[in-house]
Structures are given as structure tokens and as C-alpha cells.
Amino acid sequence: MDGMNDKLAVIGQSTRHDSALAHCTGEARFTDDIPELPGTLHAALVLSDIAHARLHGLNTATAASMPGVVAIIGPQDIPGHNDVSPTHRGGEPLFADTEILHWGQALAMVVATSRDAALLAARAVTAEVEVLRPVLSVDEALAANDLLMAPMVMTTGDYAKALAASPHRLSGEFRCGGQEHFYLEGQICLAIPGEDGDLALHSSTQHPTEVQHIAAGILGCDFNRISVHVRRLGGGFGGKESNASWIGAAAALAAVKTGRPVKLRLPRKTDMAVTGKRHPFLFRWDVGFDDTGRILGLDALMAADGGHTLDLSTGVIFRAVTHALNVMAVPDIRIDGRVLRTNTVSNTAFRGFGGPQGVVLSEEIIRRIARALGSTPEAVRERNFAGEANGSFTPYGQKLEGDLISRVWAETQDLSGWDARRAAVDAFNASHPYKRRGLGSFVLSFGISFGVQAMNQAGALVHVYADGSIRLNHGGTEMGQGLFIKIAQVVAETFGVPLSRVRITATSTAEVPNTSPTAASTGTDLNGWAARIAAGALRERMVKVAAEHWAVEEAEIEMVDDEVRAGNHRMSFGELAKLCHAKRVSLSATGHYKTPGLSWDPATMRGEPFFYFTYAAAVAEMEVDTLTGEHRCLGAWLVEDCGRSLNPAVDLGQIEGAFVQGMGWLTSEELFWDTQGRLRTLGPSTYKIPGSRDVPEVFEVRLLSDAPARADTIFRSKAVGEPPLMLATCVWNALIDAAGVESLDMPVTPERLLMAMNSK
Ligand code: MTE
Ligand code: HPA
Ligand code: MOS
């Protein structure tokens, strides 16, 4: 099987999401919709109301006497290790034991007969503390060089010499903010104890295996006692890659302590206070360039606010550093990535995983150079494109496809009618008394694969039943992105049957073990191949039975249109399944896949960490009201390289959604911590996520035509989940163009925009 077949029946069809109707009617079952067993208890977290303190103990007497309270569980009740670190490095307690490290930190858990009773009693628990001074800003942590990990520094050539020899120099500093995931379904886990120490966890997680491992670590038991089940998430966006694990472990602990089913469902405010977000970054840069805008040298600091523990920051800073030059090839550079410790929530994965913070660095530099030279950002960006003129290599030595970079940009210019639009925007600005319009563009290359090599693997389990119906299970989780339908398409295609024959089932560590998270946009690439390998093995067995039955060569057997054929012989797929069973042939197979050819040397920061790159480009037109700072997106034009899309409808949905989510990060979503480290934006009233009226008025999205992907990707498709979020960078560029300012920190809220325009 080479993943290629010229007559594809199911692959490439715009089949709607398998749960589309169920989502709309409300019939789709989320974890909280699972009927509760009699005796189910409810847990609520006790949260710290202080950002930094030495912790001497908890006063639980009042809470314990409140109605319905069954148990109060703190760090001393943990039979295993009080550690939930996803990297197993330790130092990330489930419940704070000796030190409180951020406002909203979990200190303990109350278990009661109703959720309201648990929440009420949790508020009655108080902490005995000795208050310490919190570090709340990345600047302060940077000044103290208080790092959560060793700096990740990538260097090529002699950047200092290149800078010194450059005809022009510029330097600057800017910032981007964090981002709350705001998944519609909050964090939740339902833990159900079985017999003899068995435990079933129904979790809203992107990483069922990690929920299993972390729960086992907390309980001090073998992994095989715990099974984790996930039918779907009401959104994850990276926020349920590691954070769902400790929520799951807490529910597991409560169930084991009480011997009863326990549900832990966080209220929205608690969810926002206690779970990690996108890393805010501070950037400092120094660039050297020539008269043509060609960048000759760069020295940059990328300082990420990691919050109080490491969590997934190693991977996030890796992606930020490897994506800082984006589509440019620059000879001599130093990029210094640092993760700072602050007394805030521990920041985590969020769609793009450091990539968005990486690419805004090169865009800032491009715009500033253009301004200094009286050129345009588009010309400066193109001048530095990886490709024939400048060389094709990233600083870490992996090759970019310059032709695709040029193609996505050319198609986007075309789609947006760039030249005419530029003229129209300038004409509008010359005539309108107080409104200003701006145009911005962006071109992306994004590496696909987990930064951690071992994570680039997946498993699947496929059964064919004796009636020819198929049951599909794999390690990926469905969070709305359309993973399940795409993998069902892969399996249907492999057997030559209609999609309706393939039953999609919940993810379960009991069916496919030792899985990676559904993250890094690799869900379809990895699990799709694992499912194709499993289905392919079954297909081979079935072909053999058919060939023997008809006394023909195996090569003559075809499986198409729900039939098995050889010459004039025909039977239905179901008849063959029945025949296989009668002949005592196993109709169940597992598949395992690992991404080929990845390499990375952390000592030299060189290698080929990505299976391939996906490319995309975007243009946005923004309108700014100079009296209020309010802005809106008049139009957005996007071209995304999905290779040969497995399902264009699903891919277009991903692109539109990601773009709007990226706009939210860059223009409206602002996390506000007060001087005592209390997060004051704890719900939609104070934290502004994009609404339907923020969607661009004109929104044209196109998949790159005749997009070549390497032959060993799944049916020559490319990943889609995260890359389009970064396309929203063109909105930032467009706002700066409209405001006529040098730069704007993100998010560009109306207030920030107004203040920048007023001080100009
Ligand atoms: N789309 C929806 N609807 N909901 C989500 O939570 N998560 C995004 C993206 N698209 C997400 C989504 C993130 S962060 C990733 S990494 C990918 O989906 C994960 O799924 P995939 O690998 O199957 O693309
Ligand atoms: N993306 C998302 N999650 C991850 C990654 C990544 O590259 N590496 C480890 N976890
Ligand atoms: Mo996505 S941030 O890799 O879950």
C-alpha cells in the first residue's frame, strides 16, 4: 500500500461531520450527558485566593460539617505521588502542599452528594498561609533570570559579525498576549470504580493515555487498572492536552477514596482560573539588512511567560524558535528562547503551540524594515523568501519548498485582488474624515510532527463483523475537528465500501493503548495511517479467502462499490465477511504507524524534526474608527495547502474557524491580572472571544490547487488543524497599516489602538 489510488470513491469527498446533525439537535452526548449511576457524588476544587504563599495547612472543619459533604481530600490523601507533570519531571503537584504558586491554584477537593453542595463547601475551606511576594510579569522574571528550563538557543553563522557589517540596523521590543481556550464544554471527568480496583474514567481529554498515566501516578497503581474513554470533546484547542489529565486524576482519586462514582465538572470561572492558557511572549530583536530589504543578520530574544510550572513549555518554546523565521531564509542568526517562571497559571498548549508567537516575530521585523526603507512589508517578505534566491533551508537545516511559498502567496494576491484593493483602500483613506482602512498580508510555513519524536506514532483497531459491518477504533480523539469522519473515509476507501458500513466509536485506552495526544495537527496523519494499516491487513486476508473461493489469483480481486469482484465473479462485501468467518479467518486487526525519517539533535539544534511543511497565505482588509479605536474586518482571503484534501468541507471549516480564533487572540481577547495576581477576566462578560459579528464580512477561503504532498502522507493529504490560526497575523498587519503606526502590541484591542493613534 502506497497510500495512492487513482480512483478514489470516498477520499476527497466533502462528507459532512459524522456528528453534524447531533451537534445541532443537541443529541450528541458529551461527558456530562452520560446518565449518572445511583450514588454518584460530585467534586469541587478548593482554590487559592492568593498568588504566592507558604502553605501551613487547611481549615476544613466548617466545610466538613456542611450538608451533603462526604469527603474532603487534600495532598495528604494521595496514595501515589502528588505530581501531575506531563513530562514526568516532577514538581507539579495536583494539590499544593507546602507552597502556593498562583491565584486559583487547586489546594484540595470537596466531595458531596450534589454539585452545589460541593461547590458551597469548597468555598468554606480556608488556608493558613504566610504571604509571599508574587512575580507577575515576564519582565520581572526576565530581570531575575528565573527560568523554568535552560534557554533554547539556535544559532547559525556569525550573527554578531553579520549584524555589525550590515548597512542598516534596527532593533525593537514588542509583546503578544496569552489566550484562554474557551472550549464550549469545560473540563470534566466522570470516574466510575468497578470491581477489584478497576476504574473507568470518562474524560474530556485530547490525551486519554496521559489521563490514565497521571491518574495511576496519583493512585500509585498499575496503568492496567484504569481505562479512559472519550467519545468527543466540546472543543480542546490544546487546553485539554495536559490539563485534562490532572482533572481526571482528581476525579479518579475521589472515586477511589469514596468507593463511589464521582463527577468533577469545573464551573467556567474555576476553569478559567485554574487551567493554563497560551503563553504570552515578550520579544526583543536586533536586525541587520541591506538597501533591498534583504536580512543579513538577526539576534532575537523570545521570552515566554511559562507560569508557575513547566507543563508543555519545552515543546512550545521549541516550536516558537523553529518557526521564528517562518518563510524566510536568513544566513546568520541567534534566536534565544526562554521560558520564565511567574506566579500565574501554568501556560500550556494552544492551537499553534508556540508557532503563532514564532511567526509574529518575523512579521514585526519585516514591517519595521519596510517602514525604514520606504518599501512595503510584502516586498521585504518576498525579498527574504526561502527558495532559489536566498537558499531553502531553515536555520535548523530542514528544507522549505520555495515554490510552494511563492505559489500560496501568488494565489492569495490573486484571490484578494491585491493591487486594486490597495488602490481602493488608499482612495478611501484620502476621502474619509475619520475612518481608516488598512491592508495586511501574511505567508506561513508550518512544520507538521510532534517536537518529541516518540510521540509521532499511533495505533488503530479494526473489526469486520460477519455481516460485513465494520467497527473502527483508533488513538485519536474527536474535538470537533472532523478527525473521526476522515479516518472512517480512509477505512471505507481501503475496503471499497460506503462510509455507512463503518461504525465510528469512542476513543478508549482499553482498545488502543499507549497513544499520543491528538495534537500538533497530526491526528489524521498518524491515526489515519494506523487505521489504513489495520484495514489493509484485513483486506489482504479477505482477498485471500475470495481468491481461494473462486480459484483465481489474488491480484484479480477488486473491492469496489461494496462488492468483491474477480472477472465475472461477484459477491457482496458482507458475503465475503461471512465466508471468512466460516473459514475461520480472523476479522480483527491492529495497525501501528510511526512517522518515518525524523531526526533532531538538541545539542546542535539541527535536524529534520518535521515530516513535512504546510504552506498558506492570507490577506485582510480592516476598517478602523479613529474616534473610538473600534475595528472590523471587511474582508479576508485565504489560501491553504492541504495537499489532496481528504475532505474539503471539513478542511474549509477548520480554516475558517482557526482564522477567527486567531483574530480573537490578536484583536480582542485580553487576559487581565490585577496587581495581586488575580485573574479578573473569568467569563465572556469580561473576556471577549469573537462572535458571529466578528467574522470577516467577505470571507473567501481556497485550498491550494494541485497541491503536491509527499507520497507517503495519508492519501497525499496534509494536516490542517493549527496552521490557519496563524493566518490571522494578516489582521494585525492590516490594523497597523490602517493606524499608520510603527507597531502595536497584541491584542490590538480598541483601547490599545486608540491610544496608539492618539499618541502618534
Ligand atoms: N477544531 C475544533 N473544532 N475543536 C478543537 O478543539 N483543536 C485544534 C484543531 N482544530 C480543535 C480544532 C488543535 S489545537 C489541534 S492540534 C487539532 O485540531 C487537533 O486535531 P487534528 O490533529 O485531528 O487536526
Ligand atoms: N504540538 C502540540 N502538542 C505537543 C507538541 C507539539 O508539537 N509536542 C508535544 N506536545
Ligand atoms: Mo493542539 S495546541 O496541538 O492541541
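Both counts, for ligands and for their atoms, begin at 1 and track the order of listing. The figures here come from the full heavy-atom set of this structure, side chains too, leaving out hydrogens, waters and symmetry mates.
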What's the shortest distance from [atom] to any protein heavy atom, and which residue and atom give it?
atom	result
atom 5 (C) of ligand 1	F237 CE2, 3.2 Å
atom 22 (O) of ligand 1	G523 N, 2.7 Å
atom 6 (O) of ligand 1	G236 N, 2.7 Å
atom 8 (C) of ligand 1	R351 NE, 3.7 Å
atom 20 (O) of ligand 1	Q481 NE2, 3.1 Å
atom 17 (C) of ligand 1	G721 CA, 4.2 Å
atom 2 (C) of ligand 1	M479 O, 3.6 Å
atom 15 (C) of ligand 1	E722 CG, 4.0 Å

Give the numbers and elements of all ligand 1 atoms closer than 4.0 Å to a heavy atom of G238. 14 (S)
Quick one: list whatever passes salt bridge (Lys or Arg N to Asp or Glu O under 4.0 Å) with D18, sequence neighbours left out. R231
Checking T509 side chain against V228 main chain: does a donor-acceptor pair fall under 3.5 Å?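 Yes: the side chain of T509 pairs with the backbone of V228.
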Atom pairs, nitrogen or oxygen, ligand 2 to protein, under 3.5 angstrom:
unit_1   : atom_1 : unit_2 : atom_2 : d
ligand 2 : 3 (N)  : E241   : OE1    : 3.0
ligand 2 : 3 (N)  : E241   : OE2    : 3.0
ligand 2 : 7 (O)  : R319   : NE     : 3.3
ligand 2 : 7 (O)  : R319   : NH2    : 3.3
ligand 2 : 10 (N) : E241   : OE2    : 2.9

Kindly indicate whether the side chain of D641, heavy atoms from C-beta on, has any atom under 4.5 Å from the side chain of L404. yes
Could you see which bit of A719 sits under 4.0 Å from ligand 1, with heavy atoms only: side chain, backbone, both or neither? neither
If you measure from each non-hydrogen atom of L233 to ligand 1, which part falls under 4.0 Å: side chain, backbone, both or neither? neither
Could you check, using the six-membered ring where one of them is a Trp, whether F318 and W600 have ring centers closer than 6.0 angstrom?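 Between W600 and F318, which both carry aromatic rings, the centre distance is below 6.0 Å.
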Would you call S521 a ligand 1 contact, heavy-atom distance under 4.0 Å?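 It does; at least one heavy atom falls under 4.0 Å.
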So which atom in H592 and which in Q457 form the shortest heavy-atom distance, rounded to 0.1 Å? NE2-OE1, 2.8 Å
Can you establish whether the number of heavy atoms outside R606 located under 6.0 Å from its atom CZ is more than 12?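 Yes - once you tally the heavy atoms of other residues, nucleotides and ligands closer than 6.0 Å, there are more than 12.
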Residue pairs, two or more places apart or on separate chains, that pass ring-ring contact (aromatic ring centres under 6.0 Å, His included) and touch residues 646-665: F659-F699
Atom pairs, nitrogen or oxygen, ligand 3 to protein, under 3.5 angstrom:
unit_1   : atom_1 : unit_2 : atom_2 : d
ligand 3 : 3 (O)  : A520   : N      : 2.6
ligand 3 : 3 (O)  : E722   : OE2    : 3.2
ligand 3 : 4 (O)  : Q206   : NE2    : 2.8
ligand 3 : 4 (O)  : G238   : N      : 3.4

